[in-house]
Amino acid sequence: MIVVLHRSAASEDVAAVADRVAALGMMAHVINGTERTVVAATGSEDEAHRETLASMAQVESVMPILAPYKVASLEAKPEPTQVVTGSLTIGGGVCGVIAGPCSVESEEQIMTSARAVKAAGATALRGGAFKPRTSPYAFQGMKEEGLKLLAAARDETGLAIVTEVMTPTDVELVGDYADVLQIGARNMQNYRLLEACGESPAAVLLKRGMSSTMDEFLLAAEYVLSRGNERVMLCERGVRTFESHTRFTLPLATVPYLHARTHLPIVIDPSHGTGVASLVPPMMNAAIACGADGLIVEVHPDPPNAASDGPQSLTPDAFAKAMIACGKVADAVGLTMDTTNV
């Protein structure tokens, strides 16, 4: 349920309501809106609890949340969430761009990539240190050494770091180096991992599972949110269909659909969504045109020799050209391309 406080409610009033929610055996999630503060109370549907909270002097009204995803819903927070971490801003009218190679392969490769994507206007660097691969014989990433190289790239360029975490036991380690914990498509319903990321101070980029419904996607985000981490971004990276002309099918209708149901920002991954480098720039433009809050794009200094995902990776020059076009599209639809934070 949503507990709406009076506009005049002070911080101690909010704390009192949150304490009462906890005393009733529910979890309290304080959501600070632009006009007023609400407390989302999750964990109970007891009508008596609703009446108890409604009787408090600080409370204006108590309303049930009808959506199965509670904290992620627009019922809980009608204003869009903006995620800010380091150099990266996504949401709230700002479109941020995360770019870099699929995998960290060497110091020279990640440094060259970081400098190039920053020069083109990206405000965060992506790069996999731990890589989930379909084949056990494929390159699995440099692991902690890769994390150290990403941190070195951040030190030099100022770019926030986005990298994947694969297991709950790795969350603390990856969080020591990264600004954003990426939960990959294969792990979207790894509930222990979602909970562990929900307890991390790092922001979270949650990718949609390749065969997941929108409700499943939002409920996965709810696992993170329910543990107290409010800095969650949803990433559409394409779904598996019968088509073979692309690696996956990228449904951009996801963007307006989710904007009508959740306050969380929506990021589009045109690299995994198509698997074809020549298709990535047009889909970057299309994603922004339909209101995406961010992009995550694979960029490699030498795609033919990339350890992973070379066919879908842009060269630095191609990425720079694509960013110019994206800026024009953003201007046309009233979005701000965030290229100035670094």
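Residue indices begin at 1 and follow the sequence shown.
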Residue pair V239 / F248: nearest heavy atoms and the distance that separates them: O-CB, 3.5 Å
Any side-chain heavy atom of V297 within less than 4.5 Å of one from M284? yes
Does some side-chain heavy atom of E105 sit less than 4.5 Å from a side-chain heavy atom of H300? yes
Checking the side chain of N187 only, and the main-chain atoms of N190 only, is there a donor and an acceptor separated by less than 3.5 Å? no
Please give me the minimum heavy-atom distance between L252 and A287, naming the atom from each residue. CD1-N, 3.9 Å
Ignoring hydrogens and geometry, is there a side-chain-to-backbone donor-acceptor pair from D331 to K328 under 3.5 Å? no
Do any N or O atoms from the side chain of E222 and from the backbone of K70 form a donor-acceptor pair under 3.5 angstrom? yes
Under 3.5 Å, side chain of E216 to main-chain N/O of S212, donor-acceptor pair present? no
Is E298 salt-bridged to R126, going by a charged N under 4.0 Å from an acidic O? yes
For the student: nearest non-hydrogen atoms of V232 and A221, plus distance: CG1-CB, 4.4 Å
Please say which of T37, V3, V38, V17 ends up in a side chain to side chain contact (heavy atoms under 4.5 Å, CB included) with V30. T37
Does atom CD of E156 have more than 12 heavy-atom neighbours, drawn from other residues, nucleotides or ligands, at distances under 6.0 Å? yes
Checking side chain to side chain contact (heavy atoms under 4.5 Å, CB included) between V104 and each of L149, L125, L147, which is the one that passes? L149
Looking at side-chain heavy atoms only, is the closest gap between C197 and I183 below 4.5 Å? yes
Would you say the side-chain atoms of H29 and S226 include a donor-acceptor pair closer than 3.5 Å? no
Can a donor-acceptor pair be found between the side chains of Y177 and E144 at a distance below 3.5 Å? yes
Step through the shown structure and confirm whether more than 12 heavy atoms of other residues, nucleotides or ligands are within 6.0 Å of CD on E230. no
Contact summary for I296 and S271, nearest pair of heavy atoms: O-OG, 4.4 Å
Value rounded to 0.5 Å, distance of OG in S87 from NZ in K118: 8.5 Å
Is it the case that the side chain of S73 and the backbone of A67 share a donor-acceptor pair, with hydrogens and angles ignored and the cut-off at 3.5 Å? no
Taking atom CZ of R237 as the centre, report whether more than 12 heavy atoms of other residues, nucleotides or ligands fall under 6.0 Å from it. yes
Does some side-chain heavy atom of R154 sit less than 4.5 Å from a side-chain heavy atom of L159? no
Taking C-beta and beyond as the side chain, do V162 and Q182 meet within less than 4.5 Å on heavy atoms? yes
Counting N and O atoms only, with roles assigned by atom type, does the side chain of T163 sit under 3.5 Å from a partner on the main chain of G127, one being a donor and the other an acceptor? yes
Any chance the side chains of S103 and S308 put a donor and an acceptor closer than 3.5 Å? yes
Polar side-chain atom of T157 near backbone of A153 as donor-acceptor pair, under 3.5 Å: yes
Is there a side-chain contact between Q82 and I90 (heavy atoms, below 4.5 Å)? no
Sidechain-backbone polar pair: D215 side chain, P68 backbone, donor-acceptor under 3.5 Å: no
Using atom types as modelled and distance alone, determine if a side-chain donor or acceptor of T262 lies under 3.5 Å from a backbone N or O of L264. yes
For E108, is the CD atom crowded, meaning more than 12 foreign heavy atoms sit under 6.0 Å from it? no
Answer whether the closest heavy-atom distance between the side chains of C95 and D293 falls below 4.5 Å. no
Electrostatic pair R247-D309, nearest N-O below 4.0 angstrom: yes
Side chains of P251 and E236: does their closest heavy-atom pair fall under 4.5 Å? yes
Go through the side-chain N and O atoms of Y257 and R261 and say whether any donor and acceptor fall under 3.5 Å apart. yes
Given 3.5 Å as the limit, does a donor-acceptor pair link the side chain of R231 with the main chain of V84, or not? yes
